[in-house]
Amino acid sequence: MSDRLLAGLNDQQLAAVTLPAQPALILAGAGSGKTRVLTTRIAWLIQTHQASPQGILAVTFTNKAAKEMVARISSMLPINTRGMWIGTFHGLCNRLLRAHHRDAGLPQTFQILDTADQLSAIKRLLKANGIDDEKYPPRNLQVFISSAKESGLRSGAVEVDDPYNRKFVEFYAMYDAQCQREGVVDFSELLLRCYELLLRNEPIRTHYQERFRHVLVDEFQDTNTLQYKWLKLLAGSHNAIFAVGDDDQSIYAFRGANVGNMADFEREFRVSNVIRLEQNYRSHGNILDAANALIRHNARRLGKNLWTSEGTGEPVRVFEAGSDGLEAAWLVDEVKNLVADGLARREIAVLYRANAQSRVIEHALFNAGIAYRVYGGLRFFERAEIKHALAYLRLIENPADDTAFLRVVNFPPRGIGARTVEQLQDTAKTQDQGLYAAVGGVAGKAGVNLAAFVKLIDSLRFETANLPLAEIVEAVIDRSGLLAHYKTEKEGQERVENLEELVNAAAAFVAEEGYAQDASGTQADGAVALPSPLAAFLSHASLEAGENQAAEGQDALQLMTVHAAKGLEFHAVFITGLEEGLFPHENSIQELDGLEEERRLMYVAITRARRRLYLSFAQSRMLHGQTRYGIRSRFIGELPEAGLKWLTPRLRESAGLRFGGWHDAGVQPSVAVATPMRSHQEKDGYRIGQTVRHARFGEGVIIRLEGSGTDARAKINFGAQGVKELLLSIAKLEVA
DNA sequence: TCGGTTCAGAGTATT
DNA sequence: TCTGAACCGA
């Protein structure tokens, strides 16, 4: 039986799957069968009776990854995966906190604030305390609070070195107090509160430590400081952490991920079993050679080299365009050819560094009538009308939730203006209670309207108490007036449909019964009540915002950022906008280890391709309303020349990028195009777009010319050396 | 409460 | 250049 489970694994995969119960670190390269190893490991542990399904905890970063894991395990073993602890860090912490809310100091009905809710809570707190939001921007406070929590620090533990900093810390304390008062937790609070619960409550900690003999972690390179601390606490000194990750694919430092956790884990747990999965089952040789060669330029690595038993395949194609528009035009042509050759559009991905780059490409695709799908954008539970409906539901569940209260107190409009709300907030503050509770303290007509609102919520709560979830939602969108409001709105049709979809989502949620299992059989003392379906649904809405991509269905080209492409694979991949300043991004160059992270990002991009890889860059690009002249990304130069096939001629190897090269050579895209953009502005014989050489900074491109006479200055993009502004009378520039 | 105007900012993102 | 948020007048 176990033979079948293990059949087809290569030696390294087999070794990883069948490791003894010890701390283990699996360095899983791109396309090396990482998820297969993780899920087969779990199935093997269960099948060989080394662990029961309840004795395993597996944690991921996204709901998608968790679902995939559950699905694969289900297909391998005839067991019920429902009771298993497989989920995201946030989902599992939520589960623990629901089960032990009292010990964690939370009300049973605590609500989860998403990022937008958190920001509005911060703004409200700033206002209530008369703090200058220009001196203390809400966004900065939000980032400060989140990163403190993600480092495991409460306000009292944050080091203060100056008065400005002190104010942030003070605000952090006030914010936490407000959340506590209102019975809400933000995303990082879920983790921190759960960590503190396990840290301080010995019986609970021991209970879970004895239960989860095997703790498996996916994408370990993406863990932040707090997540690693949480894992260490949960594993205790006896349990086996099985960490799977790839330091070369660490691309989330900007949101707190600490790759250093990998090395720390190896050291702190004295990991004797570091297994490298280097055989790649995805890409052909030339693509892997490119990826390997590129990533070798990074100094800080644990070290890995991908290989394949497949052939070298096609060369990596490189295209130099005159402008971003021409790059898009070429791309459209190339896609047409691929599709004409029989390749499905969904098997082609167009990747870019920043979302803004999609516009030019979308424009070209749209005009060419090629179906495409852009990843990113508003998700279902983030839509305004859905958030409004959820706010009503939250108030039913927890009247102390002031964020929810303020969102809908006057939506749809019911004569409760800003003035009234301010009055109410003052009353609430002097009485030291929530808005809902303070309503009685407001007199006059305003008070009557407020009382009517509270009465609406109260009666909804009372009347829906024993109804099935879908009917509660239905009653709320109806009785709140939301549905009627959007029905009268000119462009409200889609919103009405979304609200109706919310009723369906509630019904589907109950049908899947995910919520009931979430809390069953998981309590330490077995005495904790199940959360109501409504509470579970609200958690679900916060923790899983829905699909982050356009509707599926038709066969469409896939457009997305490189970040969004992580974990995916396609037959053909276009990596566009490979220009200095864009990819690698100029902001990253300033950051500590920023360039290495950009290179890892490029590594991720390259390894998405199975059979065909295109790299492209443009000489000029419209950015922030200005035409910018860039030079080819250094990353292209870091790839093995032998595996590249230039679709556009390069005039002089040493000169790097030259302008109008393809024009002279007559290799034009088959679309009507203008000559590459070129400024007419000239100064002392220099012009924008011109390639020049500086003794110290090397080769660069003039991107701006200003002043005149002795004050004539040129802004020059020296690529790796950055953008410099030089006085033409002083700098000795050599025309390349 | 709406619709228009103005202004700053423009990087990647999950929960 | 374009977008979203903030702001102001009717």
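Reminder, nothing fancy here: chain letters follow the sequence lines and each chain counts from 1.
Atom CG in A/L378 sits about 13 Å away from atom C1' in C/dG4, given to the nearest Å. Separating the CG atom of A/L96 from the P atom of B/dT15 is a distance of 19 Å, rounded to the nearest angstrom. Look at CE on A/M560: it is 12 Å from P on B/dT14, rounded to the nearest Å. We find that CD1 of A/I416 is positioned 10 Å from P of B/dT1, with the value rounded to whole Å. Look at CD on A/E362: it is 14 Å from P on C/dC2, rounded to the nearest Å. Straight-line distance from the CZ atom of A/R628 to the C1' atom of B/dG11: 13 Å, rounded to whole Å. One interatomic measurement links the two molecules: CG of A/N140 to C1' of B/dG9, which rounds to 14 Å at whole-angstrom precision. Rounded to a whole Å, the CZ atom of A/R621 is 16 Å from the P atom of C/dC2.
Between the side chain of A/S588 and the base of B/dG11, a donor-acceptor pair under 3.5 Å is found. Residue A/T115 places a side-chain atom within donor-acceptor reach of the base of B/dT15, judged by atom type and a 3.5 Å distance cut-off alone. A donor N or O paired with an acceptor N or O is found under 3.5 Å between the base of B/dG11 and the side-chain atoms of A/E591.
Nucleotides B/dT12 and C/dA5 are separated by 22 Å at their C1' atoms, to the nearest Å. If you take atom P in C/dG4 and the same atom in B/dA13, they sit 16 Å apart, rounded to whole Å.
Side-chain contact of A/Y629 with A/Q619: a donor-acceptor pair under 3.5 Å is absent, judged by distance alone. Side-chain contact of A/N398 with A/D401: a donor-acceptor pair under 3.5 Å is absent, judged by distance alone. Side-chain atoms of A/R373 and A/Y375 include a donor-acceptor pair closer than 3.5 Å.
Scanning for side chain to side chain donor-acceptor pair (under 3.5 Å) contacts around A/E196 gives A/R154, with sequence neighbours left out. By the side chain to side chain contact (heavy atoms under 4.5 Å, CB included) test, A/K566 pairs with A/E219, A/Q221, A/D222, A/Q249, A/I251, A/Y252, A/V604, sequence neighbours left out.
In the set B/dT14, B/dT12, B/dG11, the nucleotide with an atom closest to the side chain of A/R255 is B/dT14. Checked against C/dC2, B/dT15, B/dG11, the side chain of A/R379 finds its nearest nucleotide in B/dT15. In the set B/dA13, B/dG11, B/dT15, the nucleotide with an atom closest to the side chain of A/A354 is B/dG11.
Taking the charged nitrogens against the carboxylate oxygens, A/R300 and A/D247 have no contact shorter than 4.0 Å, which rules out a salt bridge. Ion pair A/R632/A/E579 not flagged as a salt bridge, since none of the NZ, NE, NH1 or NH2 atoms sits closer than 4.0 Å to an Asp/Glu carboxylate oxygen. With respect to the salt-bridge test (charged N to carboxylate O, under 4.0 angstrom), the residues A/D133 and A/K127 do not qualify.
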Using nucleotides 6-10 of chain C, report all nitrogen or oxygen pairs with the protein that are shorter than 3.5 Å.
{"residue": "C/dA6", "atom": "OP1", "partner": "A/K123", "partner atom": "NZ", "Å": "3.4"}

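The residue A/F89 sits apart from the nucleic acid: no heavy atom pair falls under 4.0 Å. Backbone-only contact: A/N355 has heavy atoms under 4.0 Å from sugar-phosphate atoms and none from a base. Residue-level contact check: A/E598 touches the bases, meaning some heavy atom is under 4.0 Å from a base atom. A/R359 comes within 4.0 angstrom of sugar-phosphate atoms only, judged by non-hydrogen atoms across all strands, and of no base. Using a 4.0 Å heavy-atom criterion, one finds that A/N63 contacts the sugar-phosphate atoms exclusively. Within the nucleic acid shown, A/D133 has no heavy atom closer than 4.0 Å to any nucleic acid atom.
Stacking between A/F254 and B/dT12 is shown: the ring centroid lies under 5.5 Å from the centre of the six-membered base ring, and the planes differ by under 30°.
Within the structure, every side-chain polar atom (N or O) of A/N224 is placed at least 4.0 Å from both OP1 and OP2 of B/dT15. In terms of phosphate contacts, A/T561 brings a side-chain nitrogen or oxygen within less than 4.0 Å of OP1 or OP2 of B/dA13.
Minimum heavy-atom separation, A/N449 to A/G415: ND2-O, 3.1 Å.
Along DNA chain B, the nucleotide nearest A/H485 and the nucleotide nearest A/H624 are compared for position; the residue whose nucleotide lies closer to the 5' end is A/H485.
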